[in-house]
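Each remark here refers to the structure printed beneath this line.
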Protein chains: 2
Amino acid sequence: MTGIRVGTDADEQAPERSPGSRSRDALRAAQMYYLQDLTMNAIARELRTSRSTVSRLLSMARETGLVQIQVNNPSERAPALEQQIRRRFAVEAHVVPVADSVNDSEVLDRVAIQAARTITPLVDSNAIIGVAWGSTLSAVSHHLTRKQTHDSTFVQLNGAGNTQTTGITYASEILRRFGQAYGARVEQFPVPAFFDHAETKTAMWEERSVRRILDLQRRMTMAIFGVGSIGAGVPSHVYSGGYLDREDLETLDRDEVVGDVATMFFRADGSHRDILLNRRSTGPDLDVLSRVRRRICVVSGESKIDGLRGALAAGLATDLILDEGSARRLLHT
Amino acid sequence: MTGIRVGTDADEQAPERSPGSRSRDALRAAQMYYLQDLTMNAIARELRTSRSTVSRLLSMARETGLVQIQVNNPSERAPALEQQIRRRFAVEAHVVPVADSVNDSEVLDRVAIQAARTITPLVDSNAIIGVAWGSTLSAVSHHLTRKQTHDSTFVQLNGAGNTQTTGITYASEILRRFGQAYGARVEQFPVPAFFDHAETKTAMWEERSVRRILDLQRRMTMAIFGVGSIGAGVPSHVYSGGYLDREDLETLDRDEVVGDVATMFFRADGSHRDILLNRRSTGPDLDVLSRVRRRICVVSGESKIDGLRGALAAGLATDLILDEGSARRLLHT
DNA sequence: GACCGGAGTGCACGTTTGTGCAATCCGGTT
DNA sequence: AACCGGATTGCACAAACGTGCACTCCGGTC
């Protein structure tokens with residue numbers, strides 16, 4: 001029942017109808033604009049329509065993935081920051097250029113856009129892709145550019161319910177947007193973020209509906225997630241959204257937790273054994289996560305540095321997308 | 001002596017200097033513009049420079065291949081024309097949309113731009129690429145977008161000298177531009193287009209300097225050429241540029257030649273045996289050409305249809321780039 | 001130290017592009 | 001046939017962009 005097809009057929013802001021003259025024109029326009037360097041005016045004349053329509057056709061062509069724009073940093077003599085991070089932490093770094101003067105929420109937005117565009121070329125057909133939730137992923141999901149794939153599945157990495165809501169709307173919106181962008185199935189994980197009792201989790205984990213999801217997670221070919229950090233600054237969604245009570249926070253403190261990925265916690269050295277809360281969390285076992293071929297971590301804002309350090313120590317990511325400020329900070333302290 | 005390095009180092013309109021701050025800024029700007037959707041104004045502020053400089057950085061980023069824009073026609077449900085051509089002639093067709101109202105020289109220009117951009121992604125490292133010459137290829141060579149490759153070589157397919165000139169400047173300009181765009185070596189073929197006596201060709205073909213070129217041609221991984229057509233309309237370069245005298249044209253007529261590729265002639269049915277002029281021509285044996293893995297034919301203008309038909313019958317191309325008008329004409333008669 | 005040439009910069013202007021809005025089209029309903 | 005709502009269009013205006021030109025900066029030369 002959870003397998004929901006998120007097609008590109010009829011939908012929300014449903015674009016591409018059948019072969020229709022609309023998308024044919026979009027292709028023609030895109031070729032004339034991007035491959036022949038005509039102006040929109042010239043294209044409008046040839047297509048016997050108005051310039052504004054051409055402008056709209058083109059933005060549609062971009063949004064639907066008809067036109068793809070990629071920026072390659074010249075192979076291995078890449079920018080210094082990225083190289084240093086790669087050497088020191090053994091992850092492929094994608095540093096998003098952002099001047100220091102920019103405020104946090106704009107940084108998030110810009111990291112999100114660039115992350116979305118970095119991820120798109122990595123999404124293949126026949127993939128199983130895990131997606132976490134949180135403010136970072138939410139932002140990313142808003143900026144995905146479309147691309148058609150076949151038989152791919154997006155699977156929710158961890159439950160999203162809390163004491164106030166079932167969390168369905170929030171987490172599933174994110175998932176839905178991913179599915180829609182790539183024409184893929186989505187599999188929700190309808191459990192709370194944390195069980196109240198570890199025993200309930202154990203019991204639920206035996207349920208067939210849950211095992212289906214866990215099985216998908218084991219077969220993931222890619223995972224996309226942010227990090228939570230307990231350090232200073234803005235607390236991440238998990239720490240402030242009513243998912244944890246005072247007592248929980250105290251045990252985290254006692255266990256020397258510095259952050260989490262998909263509500264699974266870890267310490268500064270990357271270890272996660274014997275962290276009590278993990279027994280009640282619905283996130284993927286971090287060892288399972290580490291076996292996924294491609295693990296993309298998106299981070300924006302320096303307040304997440306501590307959590308990020310832990311995640312890197314744990315080797316949770318193969319690819320790291322982060323803003324320039326955080327990149328510097330990651331290296332220079 | 002013929003192996004000339006056409007680097008991207010110091011040159012003509014030499015752009016990319018070392019790692020310099022210039023190209024670093026170009027990368028940053030490109031990321032901010034194409035991946036973060038900032039305006040040039042915003043980028044200028046962050047880079048502490050003027051908007052016009054940003055505009056220039058961006059166009060540099062595009063020209064040097066830092067930014068790559070591709071338009072994919074949605075896999076196999078591609079436009080009707082392209083499918084029909086593929087079925088009927090067994091070549092991958094790339095139809096360049098052009099309204100009928102456009103004049104011939106503009107059609108050539110637009111086909112050339114789009115051809116250049118279609119070719120670029122196909123150019124690999126370690127490739128050996130044969131290039132013909134003529135008005136079509138000349139136009140293409142003017143619009144190549146750069147892309148860095150290693151250890152690739154462009155080799156001239158046929159001699160370019162005629163009774164008036166050695167043809168060096170014209171053909172070698174084309175070759176040079178290709179080499180420069182991809183940072184590749186170029187190998188000129190310093191012989192006339194046609195020898196006066198077949199015996200001279202036989203003799204020359206034993207010379208080591210020539211054999212080097214012939215050997216490269218045998219090892220080509222890609223070939224790029226136009227077609228000449230004897231039919232009506234504007235005569236191709238070869239037929240009007242002083243390469244052939246009246247008598248030659250008569251023998252072509254007698255041999256029922258309809259066109260040529262790289263100065264090797266063929267008939268309407270694709271055959272080329274016993275065409276006298278081919279014994280004196282310096283182009284690659286058409287059987288050798290047909291063994292090349294990827295053979296890209298660029299055609300603009302309906303006057304070339306007859307030659308094109310012959311070339312297709314001979315199976316000379318694996319990929320065909322042509323304007324919409326010619327595509328229609330090719331199918332509907 | 002004066003001079004020179006080429007590359008890089010910002011300004012100002014004209015061109016090109018994005019977008020809110022009102023008008024129109026179109027398929028389905030009453 | 002009249003009506004309705006959503007999608008699509010062109011218009012008009014504002015925003016964003018490209019480029020000739022004059023100026024500056026810098027390294028080499030006399």
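Chain letters run A, B, ... following the sequence lines, proteins first, then strands; residues in each count from 1. If you're wondering where the values come from, they're calculated on a predicted model, not measured in any experiment.
The salt bridge (charged side-chain N to carboxylate O under 4.0 Å, His left out) search around B/Arg329 returns B/Glu302, not counting sequence neighbours. Partners of B/Asp124 according to the salt bridge (charged side-chain N to carboxylate O under 4.0 Å, His left out) rule, which considers only residues two or more places apart in sequence or in another chain, do not exist here. For A/Thr120, the side chain to side chain contact (heavy atoms under 4.5 Å, CB included) partners at least two apart in sequence or on another chain are A/Gln68, A/Thr145, A/Lys147, A/Tyr182. Not counting sequence neighbours, the partners of A/Thr136 by the side chain to side chain contact (heavy atoms under 4.5 Å, CB included) test are A/Leu108, A/Val298, A/Lys304. Every residue two or more places apart in sequence or in another chain that forms a side chain to side chain contact (heavy atoms under 4.5 Å, CB included) with B/Asp319 is listed here: B/Glu92, B/His94, B/Arg294, B/Ile296. Considering only residues two or more places apart in sequence or on other chains, A/Gln156 meets the side-chain hydrogen bond (donor to acceptor under 3.5 Å, both in side chains) condition with none of them. A/Asn103 meets the side chain to side chain contact (heavy atoms under 4.5 Å, CB included) test with A/Ser105, A/Glu106; sequence neighbours excluded. By the salt bridge (charged side-chain N to carboxylate O under 4.0 Å, His left out) test, B/Arg28 is found to be paired with A/Glu324, residues two or more places apart in sequence or in another chain being considered.
Protein atom CZ of A/Arg56 is 15 Å distant from nucleotide atom P of C/dT17, rounded to whole Å. Atom-to-atom, CE of B/Met32 to P of D/dC17 comes out at 13 Å; the value is rounded to the nearest Å. Taking atom OH on A/Tyr34 and atom C1' on C/dT17, their separation rounds to 11 Å, with Å as the unit. Separating the CE atom of A/Met40 from the C1' atom of D/dG18 is a distance of 14 Å, rounded to the nearest angstrom. Between the CG atom of B/Leu58 and the P atom of C/dT9 there is a distance of 14 Å, given to the nearest Å. Going from atom CG of B/Asn41 over to atom P of C/dT17 covers 18 Å, rounded to whole Å. Spacing between atom CE of A/Met60 and atom P of C/dT19 amounts to 16 Å, rounded to whole angstrom units. Taking atom CG on B/Leu38 and atom C1' on D/dA15, their separation rounds to 15 Å, with Å as the unit.
In summary, A/Glu46 and B/Arg110 engage in a salt bridge, as defined by a charged side-chain N under 4.0 Å from a carboxylate O.
Annotation: proximity of residues 43-55 of chain B to DNA chain D (heavy atom, distance under 4.0 Å) is found for B/Arg51, B/Ser52, B/Ser55, numbered in ascending order.
Taking five base pairs at each end of the helix from C/dG1-D/dC30 to C/dT30-D/dA1 and finding the rotation axis that steps the C1' atoms of four pairs onto the next four gives two axes whose angle is 10°, to the nearest 10°.
The shortest side-chain heavy-atom distance between A/Asp109 and A/His143 falls under the 4.5 Å cut-off.
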With 3.5 Å as the limit, what N/O pairs link the protein to nucleotides 22-26 of chain C?
none

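Residue pairs satisfying the salt bridge (charged side-chain N to carboxylate O under 4.0 Å, His left out) criterion with at least one member in residues 50-70 of chain B, sequence neighbours excluded, are absent.
Between A/Tyr33 and C/dT16, a side-chain N or O to OP1/OP2 separation shorter than 4.0 Å is absent.
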